[in-house]
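Down below is the structure, laid out as structure tokens.
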Protein chains: 2
Amino acid sequence: MIEDLSHNEKLILNVFKKSNKPLKAYQILFQVQKKGIKSPTQVYRALDKLQEIGKVHKIESRNSYLICNNTDCLNKSSVSFLICNLCEKIVEIEDKLFSNHFSKICEEFNRKYTQHNLEIFGTCISCSEKK
Amino acid sequence: MIEDLSHNEKLILNVFKKSNKPLKAYQILFQVQKKGIKSPTQVYRALDKLQEIGKVHKIESRNSYLICNNTDCLNKSSVSFLICNLCEKIVEIEDKLFSNHFSKICEEFNRKYTQHNLEIFGTCISCSEKK
DNA sequence: TATTGTAATGTTATATTATTACATAATGTG
DNA sequence: CACATTATGTAATAATATAACATTACAATA
């Protein structure tokens, strides 16, 4: 629940809401320094919490973080993204299907599925048209 | 072709061959310091090349690198891994199927698939049995 | 309201991962 | 050999992330 976010957590969530783009931890830090947050630790703490509750996801290959606009994101820890290889625009995909599919794959390899991280790179329509 | 790897590239590929586990750049650096390699730059350069030719893949969520044992890996830039969430054992999955599937998803979103990065987390059999 | 326990914050330092920029050496080709 | 190209070496620094510990805020309850 967003209501019980702490002061710092709300601050940083707001930075995401305003930008609606993937952000890096130190970009966020620079944004909130005006508001009194001084150290990376504080940012990373908030990011951790926001990730735990599924409001923010990390894009591993980019070391960046993206707000989740799904009202109640299923992807607490599992995430699937489409990333444009040219302009870096990123879209999150909802994915019950993926989880089921990946669970089966895990079974084949004698593993118990817990979560996944999927990044699909491709050229978005506007970048395709620019050529 | 492995034959036309440079001296440093071969050195570092050998470190992977000996360990056969995911390695971090600075772990590699410590290993090869005996052999005269002194700086991270040198390691990262070799890693870049090894990744380009598909002999090594990066595991983004771990900032680590893994040798690819497929004789001629299809996954030059696309990779799919199973990662044990407990012991961190990692297995690479070959995946023509994935690429096809992800291409279709890209089409649905008006994108042209280029590559992907998939990390499926799950508990491996030996970790399951330990409980 | 005083006490006390917990969660949140603040602060400093440092670890880890990766790149830039530039200098030097080695190697192949005309 | 001369020259271009590729590989190496070297130093500095940027970018990302965590550890450790001090302080404050705040709610529960005696």
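Throughout, protein chains are lettered first and strands after them, A, B, ... in sequence-line order, and every chain is numbered starting at 1.
- Listed by residue number, B/Lys38, B/Ser39, B/Thr41, B/Gln42, B/Arg45 are the residues of residues 32-49 of chain B with a heavy-atom contact under 4.0 Å to DNA chain D.
- Evaluation of the salt bridge (Lys or Arg N to Asp or Glu O under 4.0 Å) rule for B/Glu107 yields no partner, not counting sequence neighbours.
- A close approach under 4.0 Å does occur between a side-chain nitrogen or oxygen of A/Asn63 and OP1 or OP2 of D/dA17.
- Between the B/Glu52 side chain and the B/Lys49 main chain, no donor and acceptor come within less than 3.5 Å of each other.
- Stacking between B/Tyr26 and C/dT17 is shown: the ring centroid lies under 5.5 Å from the centre of the six-membered base ring, and the planes differ by under 30°.
- Using modelled atom types, one side-chain atom of B/Thr114 and one backbone atom of A/Phe121 make a donor-acceptor pair closer than 3.5 Å.
- B/Leu29 has its CG atom 12 Å from the P atom of D/dG9, to the nearest Å.
- The shortest distance between the side-chain N/O atoms of A/Lys24 and the OP1/OP2 oxygens of D/dA14 is not below 4.0 Å.
- Taking atom CG of A/Asn8 as the reference point, atom C1' of D/dT23 lies 14 Å away to the nearest angstrom.
- Residues A/Phe16 and A/Leu66 have side chains not in contact (no heavy-atom distance under 4.5 Å, counting atoms from C-beta outward).
- In this structure B/Glu60 satisfies the side chain to side chain contact (heavy atoms under 4.5 Å, CB included) test together with A/Glu60, A/Ser61, B/Lys58, B/Asn117, B/Glu119, sequence neighbours excluded.
- The side chain of B/Ala25 lies closest to C/dA18, out of C/dA18, D/dT8, D/dA17.
- The list of salt bridge (charged side-chain N to carboxylate O under 4.0 Å, His left out) pairs with a residue in residues 19-47 of chain B, not counting sequence neighbours, is empty.
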Pairs under 3.5 angstrom, nitrogen or oxygen only, protein versus nucleotides 28-30 of chain C, please.
none

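- Counting heavy atoms from C-beta on, the side chains of B/Phe102 and A/Leu118 come closer than 4.5 Å.
- With sequence neighbours excluded, no residue forms a side chain to side chain donor-acceptor pair (under 3.5 Å) with B/Ser103.
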